[in-house]
Student: 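I'd like to ask some things about the structure below.
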Amino acid sequence: VVMTAPQCFVAIALVYFIFSDPSSPSRDMTELLPLSAAVPEGTCVADATTLGHTAPQEPFVVTEPALMSTPASTEELPKVAGVDDDQKVTPFEVVSKSGIDYRKLTRDFGCSVIDGALIQRFERVTGVRAHTWLRRGLFFSHKDLNKMLDTYERGEPIYLYTGRGPTSEAMHLGHMIPFMFSKYLQDALQAVIVIQMSDDEKFYFKEGRLEEFHRLSRQNAKDIIACGFDPQRTFIFSNLETVGGGMYEVVVRLMHDTRGKDVQAIFGLGLENSIGQISWPCFQAAPAFSQAFRTILRLRAPGPASSPNSEDRPVFCLVPMAIDQAPYFRMARDFAGGSGGRYLKPAEIHSEFLVGLGGIQSKMSSTAPKDGADVKKVAPTIFLTDAADEIASKIRVGAFSGGGATKEEHRENGANLRIDVPYQWLLYFLDDDDELRRIAVEYSSGRMLTGEIKKIMTACVTKFIAAHQVARAAVTDDVISTFFTARPMNLTRAPRPTLPPIADEELARIGIDFDRYFGVYTA
């Protein structure tokens, strides 16, 4: 499968923007402001320390950084959001010295936090209780979630968009967080979801054969379908098979309105990168606009330009994602803002990362160790195809502990929950707040040993993966073909009874304000 001639032409044109002379009179001379420069839009409070440690917090002002703004020096590039001396959070790499500072990312990416009041409104509008990960602040920030709820409350259609870049035969547990939450959102909002399999992206950014990344798209789709997505409301697509028509029209418009300087500033991509890498952000952003999916969203094809009703109104999109993907949709939202209402700014909801077994400094990854790395020192990854004994071994040997170096030391000082990987995983995979509270108290006091919490972690993870493997085994080639077929989707909604409101005292303890350590670190 190869890129069509028009696709190649537009991709080359994008690179021209970077190579072209900025002094040319035909070129827009505006440059980017540093990402920290912005006009205040509102106030939000985010997590005060890494991995959600509850502490006294102060409001800080955030806004969505502007792309096209007043001229700046052409001699230095704006700083890439999410990158500083302590951490690097980009679509291409996530690493930190002592754990990800989500408060700083919320500010850098111009997001708002999800608090109890917003969760209350979500429950009232949808008639569905908040997901555990929403209550615990693991999905912690957003852009325009209130606007999405406004749209939903008016009875207007919305759709969801997420994706997967296939790099391995099997997905791991970290990959499943956005998909499991997206399945919850599909049910809660009774919404269509589109899922992009970016086989082309991985060919641009990873070593490997294009044909292999294409094959892995269908293999990984088995894990995605096994989450339980509704086949009447779900369209999964491979870019290699699908880009064209309405989708490509949106890509072309994105490329036309996006300068090479913008891509360079947002993603850190430059002249040393390939044309495929530089043009890729437009392909990831395009599915966030409903015009890319006229068939499945039952939109009319565009008519004569002079007609006031040349096509249906655009459909609002909500994109669930890990926070490292936010730069793509910063670009998408800026593009939509300049479209005169033709395209709607997509809403976003962001998750924290499931930390790797080796420690809180990085997220779980399926990427093989680089040449020269000591494989024995690389933390293992738990894949969805692992057997129970493999899972137990990986956790027992590889899960970093915040407990004492000796039994005596641990009994005396207890465990540091903030850096303890088993405890951080239980925030995701143990739903029972009372049991989690008991573990937090016992383990931090030293009464519970590291071996005990690792056994609890093993039981939770093994149970989840065993159930997933049963569901995956039922996904046949015919089932996959159904999900990969573009067809009109079910846009209906069934009414739901109104839920009783959340008590005021509970509102103050959920979302960004959830104390995931249950008072252990409260003075």
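Any value given below was found using the heavy atoms of this structure, including those in side chains, with hydrogens, waters and symmetry copies removed.
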Student: Is there a donor-acceptor contact under 3.5 Å from the side chain of Tyr343 to the main chain of Phe289?
Tutor: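 Side chain of Tyr343 to backbone of Phe289: no pair is present.
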Student: I'd like to check the ring-ring contact (aromatic ring centres under 6.0 Å, His included) partners of Phe122; sequence neighbours left out, ordered by chain and number.
Tutor: none
Student: Counting C-beta onward and ignoring hydrogens, is there a side-chain heavy-atom pair between Met176 and Leu384 closer than 4.5 Å?
Tutor: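 Met176 reaches Leu384 side chain to side chain.
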Student: By side-chain contact (heavy atoms from CB on, under 4.5 Å), which residues pair with Ser238, not counting sequence neighbours?
Tutor: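 Listed in chain order: Asp199, His214, Leu240, Glu241, Phe484.
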Student: Has the side chain of Trp133 got a donor or acceptor atom that lies under 3.5 Å from a matching backbone atom of Tyr428?
Tutor: yes
Student: Calculate, to the nearest 0.5 Å, the distance between atoms OG1 and CG belonging to Thr242 and Asp200 respectively.
Tutor: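 Reported to 0.5 Å precision, the distance equals 10.0 Å.
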Student: Would you confirm whether Arg294, through its side chain, and Gly246, through its main-chain N or O, come within 3.5 Å as a donor-acceptor pair?
Tutor: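 No.
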Student: Please lay out, stage by stage, how Ile323 and Phe140 fare under the test side chain to side chain contact (heavy atoms under 4.5 Å, CB included).
Tutor: CA-CA 9 Å; Ile323 188 67; Phe140 67 99; 4.2 Å; yes
Student: Among all residues two or more places apart in sequence or in another chain, which pass the side-chain hydrogen bond (donor to acceptor under 3.5 Å, both in side chains) test with Ser198?
Tutor: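 Only Glu201 meet the side-chain hydrogen bond (donor to acceptor under 3.5 Å, both in side chains) criterion with Ser198.
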Student: Do Gln87 side-chain atoms and Asp101 backbone N/O form a donor-acceptor pair below 3.5 Å?
Tutor: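 Yes; at least one donor-acceptor contact below 3.5 Å.
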Student: Show, in sequence, the C-alpha distance, side-chain angles and deciding distance for Phe92 and Phe205, and conclude whether the ring pair (Phe, Tyr, Trp, His ring centres under 6.0 Å) test is met.
Tutor: CA-CA 9 Å; Phe92 318 112; Phe205 288 94; 5.0 Å; yes
Student: Considering all heavy atoms of both residues, which atom of Val251 and which atom of Ala286 are nearest to each other, and what is their separation?
Tutor: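 Minimum heavy-atom separation between Val251 and Ala286: CG2-CB, 3.6 Å.
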Student: Residues two or more places apart in sequence or in another chain: which of them pass salt bridge (charged side-chain N to carboxylate O under 4.0 Å, His left out) with Arg209?
Tutor: Glu211
Student: Should Lys222 and Arg472 count as side-chain neighbours, where that means a heavy-atom distance under 4.5 Å?
Tutor: yes
Student: Strictly below 4.0 Å, N to O, side chains only: are Asp144 and Lys345 in salt-bridge contact?
Tutor: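 No, no charged N to carboxylate O under 4.0 Å.
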Student: Could I get the full list of side-chain contact (heavy atoms from CB on, under 4.5 Å) partners for Lys363, not counting sequence neighbours?
Tutor: Val94, Asp324, Phe353
Student: Return the set of residues passing side-chain hydrogen bond (donor to acceptor under 3.5 Å, both in side chains) with Thr492 (not counting sequence neighbours), or none when no residue passes.
Tutor: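 Once residues adjacent in sequence are excluded, the partners of Thr492 under the side-chain hydrogen bond (donor to acceptor under 3.5 Å, both in side chains) criterion are Asn490.
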Student: Check the orientation of Phe181 and Tyr184. Use parallel for under 30°, tilted for 30 to 60°, and perpendicular for over 60°.
Tutor: tilted
Student: Whether Arg259 and Asp262 form a salt bridge (side-chain N of Lys/Arg under 4.0 Å from carboxylate O of Asp/Glu) is what I want to check.
Tutor: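 Salt bridge between Asp262 and Arg259, a charged N being under 4.0 Å from a carboxylate O: yes.
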Student: Nearest heavy-atom pair of Gly116 and Ile510: which atoms, and what distance?
Tutor: CA-CG1, 3.7 Å
Student: Looking at Tyr204, is its backbone amide N or carbonyl O close enough to the side chain of Gln277 to form a donor-acceptor pair, meaning the two atoms are under 3.5 Å apart?
Tutor: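 Side chain of Gln277 to backbone of Tyr204, a donor-acceptor pair under 3.5 Å: yes, one is there.
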Student: Can you tell me if Arg487 uses its side chain to pair, donor with acceptor, with the backbone of Thr485 under 3.5 Å?
Tutor: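 Yes, because the side chain of Arg487 sits within donor-acceptor range (under 3.5 Å) of the backbone of Thr485.
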Student: Would Ser141 and His350 count as having a side-chain donor-acceptor pair, cut-off 3.5 Å?
Tutor: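 The answer is yes; a qualifying pair exists.
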Student: Name all residues meeting the side-chain hydrogen bond (donor to acceptor under 3.5 Å, both in side chains) criterion together with Lys183; count only those two or more places apart in sequence or in a different chain, and write none if there are none.
Tutor: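 By the side-chain hydrogen bond (donor to acceptor under 3.5 Å, both in side chains) rule, Lys183 matches Asp187.
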Student: Measuring from atom CD1 of Ile193 to atom CD1 of Ile158, what distance do you get when rounded to the nearest 0.5 angstrom?
Tutor: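 Ile193 CD1 to Ile158 CD1: 10.5 Å, rounded to 0.5 Å.
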Student: Looking at residues at least two apart in the chain, or sitting in another chain, which of them share a salt bridge (charged side-chain N to carboxylate O under 4.0 Å, His left out) with Arg124?
Tutor: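 Arg124 satisfies salt bridge (charged side-chain N to carboxylate O under 4.0 Å, His left out) with Glu153 once adjacent residues are dropped.
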Student: Between Arg136 and Glu352, does any NZ, NE, NH1 or NH2 come within less than 4.0 Å of an OD or OE carboxylate oxygen?
Tutor: no
Student: Could Arg233 and Asp230 be called an ion pair, given the rule that one side-chain N must be under 4.0 Å from one carboxylate O?
Tutor: yes
Student: Go through it in stages, so that I can follow the logic: the residues are Ile236 and Val194, the test is side chain to side chain contact (heavy atoms under 4.5 Å, CB included), and I'd like the CA-CA distance, side-chain angles, deciding distance and then a yes or no.
Tutor: CA-CA 6 Å; Ile236 305 176; Val194 296; over 6 Å; no
Student: What distance separates Thr258 OG1 from Ile278 CD1, expressed to the nearest 0.5 Å?
Tutor: 13.0 Å
Student: Tell me every residue that passes salt bridge (charged side-chain N to carboxylate O under 4.0 Å, His left out) with Lys202, counting only those two or more places apart in sequence or in another chain.
Tutor: none
Student: For Arg129, enumerate each residue passing the side-chain contact (heavy atoms from CB on, under 4.5 Å) test, keeping only those at least two apart in sequence or located in another chain.
Tutor: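 For Arg129, the residues satisfying side-chain contact (heavy atoms from CB on, under 4.5 Å) (neighbours in sequence not counted) are Glu123, Leu499, Pro500, Ile502.
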Student: Is there a side-chain hydrogen bond (donor to acceptor under 3.5 Å, both in side chains) between Gln325 and Gln284? Walk through the geometry before answering.
Tutor: CA-CA 10 Å; Gln325 299 300 298; Gln284 178 153 332; 2.9 Å; yes
Student: Check side-chain contact (heavy atoms from CB on, under 4.5 Å) between Arg493 and all other residues, then give those that pass, not counting sequence neighbours.
Tutor: Tyr152, Gln190
Student: With side chain to side chain contact (heavy atoms under 4.5 Å, CB included) as the criterion, how do Thr106 and Arg103 come out once you've worked through the C-alpha distance, each side chain's angles and the decisive distance to 0.1 Å?
Tutor: CA-CA 5 Å; Thr106 302; Arg103 171 179 176 144; 5.6 Å; no
Student: Please identify which of these residues, Pro320, Cys317, Pro346, meets the side-chain contact (heavy atoms from CB on, under 4.5 Å) condition with Tyr161.
Tutor: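 Only one of Pro320, Cys317, Pro346 forms a side-chain contact (heavy atoms from CB on, under 4.5 Å) with Tyr161, namely Cys317.
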Student: I need the minimum non-hydrogen distance between Ile225 and Val475, along with the two atoms involved.
Tutor: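 So the minimum-distance heavy-atom pair works out to CG2-CG2, 3.9 Å.
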Student: With rounding to the nearest 0.5 Å, note down the distance linking CG in Asn273 to CD in Gln264.
Tutor: 9.0 Å
Student: Do Gln120 side-chain atoms and Asp504 backbone N/O form a donor-acceptor pair below 3.5 Å?
Tutor: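 Here the side-chain-to-backbone pair does not exist.
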Student: Report, as yes or no, whether the 6.0 Å neighbourhood of atom CD on Glu506 holds more than 12 heavy atoms from other residues, nucleotides or ligands.
Tutor: yes
Student: With distance as the sole test, does Ser168 use its side chain to make a donor-acceptor pair with the main-chain N or O of Met171 at under 3.5 Å?
Tutor: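 Here the side-chain-to-backbone pair does not exist.
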Student: When rounded to the nearest 0.5 angstrom, what is the spacing between CG in Leu354 and CZ in Phe429?
Tutor: 5.5 Å
Student: My understanding is that only residues two or more places apart in sequence, or in another chain, count here; which of them pass salt bridge (charged side-chain N to carboxylate O under 4.0 Å, His left out) with Asp431?
Tutor: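 Not a single residue meets the salt bridge (charged side-chain N to carboxylate O under 4.0 Å, His left out) criterion with Asp431.
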Student: Looking only at non-hydrogen atoms, find the nearest pair between Phe179 and Gly163 and report the distance.
Tutor: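 So the two residues come closest at CZ-O, 3.3 Å.
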Student: Could you go step by step and tell me if Phe293 and Phe237 meet the ring pair (Phe, Tyr, Trp, His ring centres under 6.0 Å) rule?
Tutor: CA-CA 11 Å; Phe293 302 105; Phe237 62 97; 5.7 Å; yes
Student: What verdict does the side chain to side chain contact (heavy atoms under 4.5 Å, CB included) test give for Lys88 and Ser96, after you've listed the backbone C-alpha separation in whole Å, the side-chain angles of each residue and the deciding distance to 0.1 Å?
Tutor: CA-CA 6 Å; Lys88 183 176 184 180; Ser96 69; over 6 Å; no
Student: Rounded to the nearest 0.5 Å, how far apart are CG of Leu216 and CZ of Arg218?
Tutor: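 If we round to the nearest 0.5 Å, Leu216:CG and Arg218:CZ are 13.0 Å apart.
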Student: Can you see which heavy atom on Thr126 is nearest to which on Arg496, and at what distance?
Tutor: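 For Thr126 versus Arg496, the nearest heavy atoms are O-NH1, 3.1 Å.
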Student: So, does Arg164 use its side chain to make a donor-acceptor pair with the main chain of Gln196 at under 3.5 Å?
Tutor: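 No, because the side chain of Arg164 does not come within donor-acceptor range (under 3.5 Å) of the backbone of Gln196.
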